[in-house]
Novice: 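Before anything else, here's the structure in question.
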2 protein chains.
Amino acid sequence: MDIEPLHRRIASDIERRIASGEWRPGFRIPTEAELMAEYGCARMTVSRAMTDLSARGLVVRRRRAGTVVAHPPVHSSALVAIPDIQSEIEGRGLAYSHQLLLRIVRPSRADEDGMGARLIELETLHLADAMPFTLERRLISLTTAPEAEHADFTAAPPGGWLLAHMPWTEAEHRISAVGADGETATRLGLSDGTPCLRLERRTWRDGLAVTWAWQTFPGAAYDLVARFSPTQSPMKTPIKE
Amino acid sequence: MDIEPLHRRIASDIERRIASGEWRPGFRIPTEAELMAEYGCARMTVSRAMTDLSARGLVVRRRRAGTVVAHPPVHSSALVAIPDIQSEIEGRGLAYSHQLLLRIVRPSRADEDGMGARLIELETLHLADAMPFTLERRLISLTTAPEAEHADFTAAPPGGWLLAHMPWTEAEHRISAVGADGETATRLGLSDGTPCLRLERRTWRDGLAVTWAWQTFPGAAYDLVARFSPTQSPMKTPIKE
DNA sequence: GAGTGGTCTAGACCACAAT
DNA sequence: TTGTGGTCTAGACCACTCC
């Protein structure tokens, strides 16, 4: 049986009182000295609990002024998680599969700045229960990832291969709305101009471009959802090993 | 002059070695005892630095096995920040303004479940340098926020008013692609069916629905961008007070 | 000046997992 | 069994900032 550490119990207690509305934004939380007495523990233990809450943005601590429940951000931005395609499909209880439609090794063009001199261009269709789910067009820099030239992208989709062989250190995502153009519409079984969600993703490894991918989702069939409270952010990226 | 705490200096040192690629995923980081010797400090100080890195997912700590540099997530999900409209416009150096197009107080319909018995329906056009930027349709529950009935939404846009008067404790966002329908297209100055990014946002306060809003952005003019490394998440929500 | 949090120490015992 | 991290103590000094 795993007992809950005291510092986490203290933090949870306070978090619950904030979440329930018992302690409203601006409410002054008991001082460390008072919490020491309440929980009968050393100051470091209380301090750790409060530091954790502060790091998560639930409370604001200021010397002399004490610790108060934080106000929600006034200009509230929010976060949406972009799921991995395969996880997304399997998470819906559907069977994931993919088809490699195109594979070309070629020099990079002027508008593909930063992708290195030679690259692979791929087109992959991702399917959920054998129905088209996403069309992905992807470039992989052979300067940064020369091994990609000999990878079998019919076996594993390029996204998964890259994560296993070329973990990124930096990424950029862009979400926009586009109309399905001729070829994309055909591949996805849509009529021309159907609104689609376009997810553009670029990654780098130590400053060198690894890949640049565009994924097009039928607008009606796919959307990005995020639900959270200020208490628990969606930043729960599971890390292996 | 503010000196950097030692625990943060230790964490930064290690972070830098990970980011630079000097310490690759799987690399075993010196033990706490070794770091104590290296920095000439107590174990608690080293421990705090490592605990911080662990909480941020940069390293994985296991008893007996030691601390190793984390592998990037295999099924990598990522996050995109949804900015506040006004900040977004002003951040681009444009002048923000807004027009209230519609304001109705009415009973809620069956498909507006959870919004309370009476609500306000609003339609607001957000402009950047006097050009249409977003059309927003919004419901506000008068059960949860009765003060909204007397608020002047021509002065402050409803989103800002709500954040000031009814901070949420829970939120849900949904991003999808839609074609501009007749009225939306007219308001935004688009032709019918133009692909648009639709941002749906619902918020709750202690379990009670506060608001439900749909914002439609011209697909060509707007997109969501997020750039980050695993080291520094985009989770940089500024908190007031 | 005094109250509050921020950091740090030099120990201690325990939990867990690899051997 | 033993090495490693996880937690905790009982102090200490300092940095801020409100009064």
Novice: With respect to the side chain of A:Met44, which nucleotide from D:dC18, D:dG5, C:dC8 is positioned closest?
Specialist: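 Minimum distance to the A:Met44 side chain belongs to C:dC8.
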Novice: Got a salt bridge between A:Arg16 and A:Glu22, using NZ or NE/NH1/NH2 to carboxylate O under 4.0 Å?
Specialist: no
Novice: Step by step, would you call A:Arg103 with A:Glu149 a salt bridge (Lys or Arg N to Asp or Glu O under 4.0 Å)?
Specialist: CA-CA 10 Å; A:Arg103 181 188 177 281; A:Glu149 190 160 1; 5.6 Å; no
Novice: Take the angle between the ring planes of B:Phe217 and B:Phe133 and call it parallel below 30°, perpendicular above 60°, tilted in between.
Specialist: perpendicular
Novice: Rounding to an integer number of Å, can you tell me how far B:Glu34 CD sits from D:dG3 P?
Specialist: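 After rounding, the gap between these two atoms is 13 Å.
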Novice: Of the listed nucleotides (D:dT7, C:dG5, C:dT7), which one gets closest to any side-chain atom of A:Pro5?
Specialist: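 Minimum distance to the A:Pro5 side chain belongs to D:dT7.
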Novice: How close or far is atom C1' of D:dT4 from atom CD of B:Glu32, stated in whole angstroms?
Specialist: 8 Å
Novice: Rounded to the nearest angstrom, tell me the gap between atom CZ in B:Arg61 and atom C1' in D:dG3.
Specialist: 14 Å
Novice: Taking the six-membered ring for Trp, are B:Phe153 and B:Trp161 parallel (under 30°), tilted (30 to 60°) or perpendicular (over 60°)?
Specialist: perpendicular
Novice: Does this structure show an ion pair linking B:Arg61 with B:Glu32, if we count only N-O contacts that are shorter than 4.0 Å?
Specialist: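 Yes, this pair counts.
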Novice: As a test of reading the structure: which of C:dG5, C:dT9, D:dG5 is closest to the side chain of B:Thr45, going by heavy atoms?
Specialist: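 Output: C:dT9.
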Novice: Of A:Arg64 and A:Arg48, whose nearest nucleotide on DNA chain D comes first from the 5' end?
Specialist: A:Arg48
Novice: Starting at atom CD1 of B:Ile14, determine the distance to atom P of D:dG5, rounded to an integer number of angstrom.
Specialist: 11 Å
Novice: Under 4.0 Å between a side-chain N/O of B:Thr67 and OP1 or OP2 of D:dT4, yes or no?
Specialist: no
Novice: Select one nucleotide: of C:dG5, C:dA18, D:dT7, the one nearest the side-chain heavy atoms of A:Thr31.
Specialist: C:dG5
Novice: Heavy atoms from C-beta onward define the side chain here; which of C:dC16, C:dA18, C:dC8 lies closest to that of B:His7?
Specialist: C:dC8
Novice: Specify the separation, in whole Å, of atom CE of B:Met36 and atom P of C:dG11.
Specialist: 9 Å
Novice: With the side chain of B:Arg63 defined as its heavy atoms from C-beta on, choose the nearest nucleotide among C:dT9, D:dG6, D:dA12.
Specialist: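 So the nucleotide nearest the side chain must be D:dG6.
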Novice: Is a donor-acceptor pair below 3.5 Å formed from side chain B:Arg8 to base C:dG6, judging by atom type as modelled?
Specialist: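 Flag unset: no donor-acceptor pair detected.
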Novice: May I have the distance from B:Ile10 (atom CD1) to C:dT7 (atom P), rounded to whole angstrom?
Specialist: 12 Å
Novice: Assess whether one donor atom and one acceptor atom, taken from the side chain of B:Arg43 and the base of D:dG6, lie less than 3.5 Å apart.
Specialist: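 It does, because a donor-acceptor pair links the side chain of B:Arg43 to the base of D:dG6 below 3.5 Å.
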Novice: What contact category does A:Ser47 fall into here, base, sugar-phosphate, or nothing, at under 4.0 angstrom with non-hydrogen atoms?
Specialist: base
Novice: How many whole angstroms separate atom CD of B:Glu4 from atom C1' of C:dT7?
Specialist: 13 Å
Novice: So which nucleotide from C:dG5, D:dC8, C:dC8 ends up closest to the side chain of B:Leu6?
Specialist: C:dC8
Novice: How many whole angstroms separate atom CG of A:Leu35 from atom P of D:dC8?
Specialist: 14 Å
